[in-house]
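We count ligands from 1, going down the list as the structure has it; atoms in each ligand are counted the same way.
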Amino acid sequence: MPAPESLPIGHSKDPPVRVASNETRCATRTGRHVVRPVTRSTSHIDKPQTIIYSGKVRRFLGLPPNWAGGCVTEKAWGGVFDQTTDRRVEEFTESVSFDRRLYAHDIDGSLAHAQMLAKVGLVSADECRQIEQALEEIRQEIEQGSFAFCTELEDIHMHIERALIDRIGDAGRKLHTARSRNDQVATDLRLWTREAIDRIDRRLVELQRAFVGRCDADAEVILPGYTHTQRAQPVLAPHYWLAYCEKFERDRQRLADCRRRVNVLGLGTAALAGTSLPIDRRFVAERLGFESVAANSLDVSSDRDFVLEFAFVLTLIAEHLSTWAEEWILWSTIEFGFLKLPQAFCTGSSIMPQKVNPDVLELIRGKTARVIGDLQTLLVLVKGLPLAYNRDLQEDKPPLFDAFDTVEASLELAAPIVAQAELNRRAIAERLDRGHLDATTLMEYLIRREIPQRTAHELVGRLVRKALDRGVRLQDLALEDFTAAHAGLDESVYDVLGVEKAVAAMTSEGSTGPEQVRRQVERWKEKLTVT
Ligand code: ARG
């Protein structure tokens with residue numbers, strides 16, 4: 001049986017067909033039914049494989065609507081309630097279908113919290129050992145796919161805590177000392193986001209390496225540079241590639257900056273006011289690798305700025321990818337003919353046998369819309385929330401996860417496409433003569449002869465007009481044409497005409513002149529250690 005893919009998490013909570021065809025149903029030791037895919041997740045920020053049957057999936061599989069009745073119904077807040085929770089409320093309020101993805105971070109946070117409780121004497125050393133051991137067993141169960149999830153336990157935090165209490169009783173009941181789910185979820189999310197930032201950063205470096213890796217082979221290639229999608233001036237191909245490296249470098253800087261604000265400990269602020277118990281937040285911060293401890297407990301339980309910031313950086317990365325994808329879609333058309341995309345990253349048409357379509361690039365462009373939507377969702381989500389925690393905040397995870405998944409997948413595909421695409425050098429060279437790309441360099445030549453810029457612009461405009469009327473290039477005009485335009489001109493005008501000479505004439509820092517580009521390439525190679 002082929003290994004099934006794990007379920008996408010995000011806006012599509014219940015893709016019933018894939019659930020039914022890809023996953024196996026099994027009975028657990030507690031008698032609860034879970035869906036257990038065969039694959040294992042590879043990183044802690046990916047989703048664990050076990051998923052619950054939610055309403056839509058149960059209906060699709062023909063399970064009775066009260067199927068979840070086998071689940072534990074005892075709530076963590078039982079004391080004050082004399083009614084049991086309506087089943088529809090459980091379905092409506094659950095988040096475990098998506099926040100189970102935080103399981104590893106939840107366990108890491110709980111381990112650090114338990115160790116701190118032992119340090120300050122709120123649990124004994126033995127209780128701490130029991131908690132640690134049980135949490136590691138739970139981690140293993142989740143990773144092996146044998147952990148049972150159900151809507152009654154709402155979220156990943158409750159699931160892990162309940163499993164802990166099931167195993168070790170009173171020691172497990174002490175773990176939530178000086179902690180609430182409000183600071184717990186904020187902490188889990190910060191741990192997850194920190195890892196996600198590092199992963200996106202590595203992908204960005206891979207993509208930059210792909211661009212830099214092309215520079216030597218494409219060193220001599222001259223491309224038309226465009227403004228307004230109209231031919232403007234000639235540029236060296238590596239200059240093009242490194243322009244994208246700069247954009248992605250700014251994204252990396254934004255990620256690093258965002259990471260500083262992510263890497264702050266919230267845990268220990270409890271529900272909103274802090275705690276009267278003698279905890280040691282700095283100890284927890286150190287254990288979890290946080291650089292600082294959040295200063296205000298009210299702020300901690302309401303703050304999702306870090307999620308919004310990360311989503312914004314993801315959106316900008318998606319935008320950069322989208323503009324690149326758009327450019328390469330155009331360049332790979334017969335009309336442009338600049339680029340041959342690697343076929344392994346193209347798809348065909350079901351009706352037109354000759355087609356090789358740039359679907360991956362189109363989807364990188366298209367999926368950018370989703371990421372923008374995710375950012376929008378997050379912005380609207382938090383805009384009207386009074387201090388401190390509000391349940392609305394639970395809705396932050398699907399758009400965050402979706403934006404991350406989408407951008408990561410796009411980056412993963414962008415790098416090999418960049419590395420493997422082939423420039424169609426002949427087609428590019430054949431058509432470089434069109435568009436009078438050397439007109440600006442000719443104007444600058446006149447400026448060097450002390451002709452005022454406005455006058456020089458006018459003169460060259462007239463020469464281009466003449467060339468257009470005759471259907472020739474500027475370098476095909478006779479010397480008399482140039483001297484007629486301006487008496488001070490001589491043979492040396494031909495030294496700046498033609499795309500090669502126009503490129504070679506560029507000397508300003510950061511320009512497309514060969515020496516400047518060589519320096520850029522060197523700097524990038526050194527930075528990324530590409531040989
Ligand atoms: N699942 C919740 C969330 O993601 C956890 C916090 C719930 N806190 C509460 N007091 N109900 O936001």
K.L.:
Return the CG to CG distance between Leu316 and Asp251, rounded to the nearest 0.5 Å.
P.N.:
5.0 Å
K.L.:
Check each atom of ligand 1 against the heavy atoms of Asp155 and keep those under 4.0 Å away; list them by number with element.
P.N.:
1 (N), 2 (C), 5 (C)
K.L.:
Would you please indicate if the ring centroids of Trp324 and Phe248 are separated by under 6.0 Å?
P.N.:
no
K.L.:
Where is the nearest protein heavy atom to atom 2 (C) of ligand 1: which residue, which atom, and how far?
P.N.:
Gln394 OE1, 3.3 Å
K.L.:
Suppose I only count heavy atoms of Ser95 and a 4.0 Å limit; which atoms of ligand 1 are within that range?
P.N.:
1 (N)
K.L.:
Starting from the C-alpha separation in whole Å, work towards a yes-or-no answer on side chain to side chain contact (heavy atoms under 4.5 Å, CB included) for Phe147 and His159.
P.N.:
CA-CA 9 Å; Phe147 190 88; His159 274 81; 3.9 Å; yes
K.L.:
Looking at Lys383 and Asp392, does any basic side-chain N land under 4.0 Å from a carboxylate oxygen?
P.N.:
no
K.L.:
Who's the nearest protein heavy-atom neighbour of atom 6 (C) of ligand 1, and how far?
P.N.:
Tyr389 OH, 3.4 Å
K.L.:
Going from CZ on Arg173 to CG on Leu175, what distance comes out if it is rounded to the nearest 0.5 angstrom?
P.N.:
12.5 Å
K.L.:
Looking at Phe290, does the NZ or CZ of Arg194 lie under 6.0 angstrom from its six-membered ring centre and within 45 degrees of the ring axis?
P.N.:
yes
K.L.:
Against ligand 1, does Gln184 come closer than 4.0 Å with any heavy atom?
P.N.:
no
K.L.:
Counting heavy atoms only, name the option from Lys397, Arg181, His157, Arg304 that's nearest to atom 4 (O) of ligand 1.
P.N.:
Lys397
K.L.:
Considering the heavy atoms of Asn182, write down every atom of ligand 1 situated less than 4.0 Å from one of them.
P.N.:
8 (N), 9 (C), 10 (N)
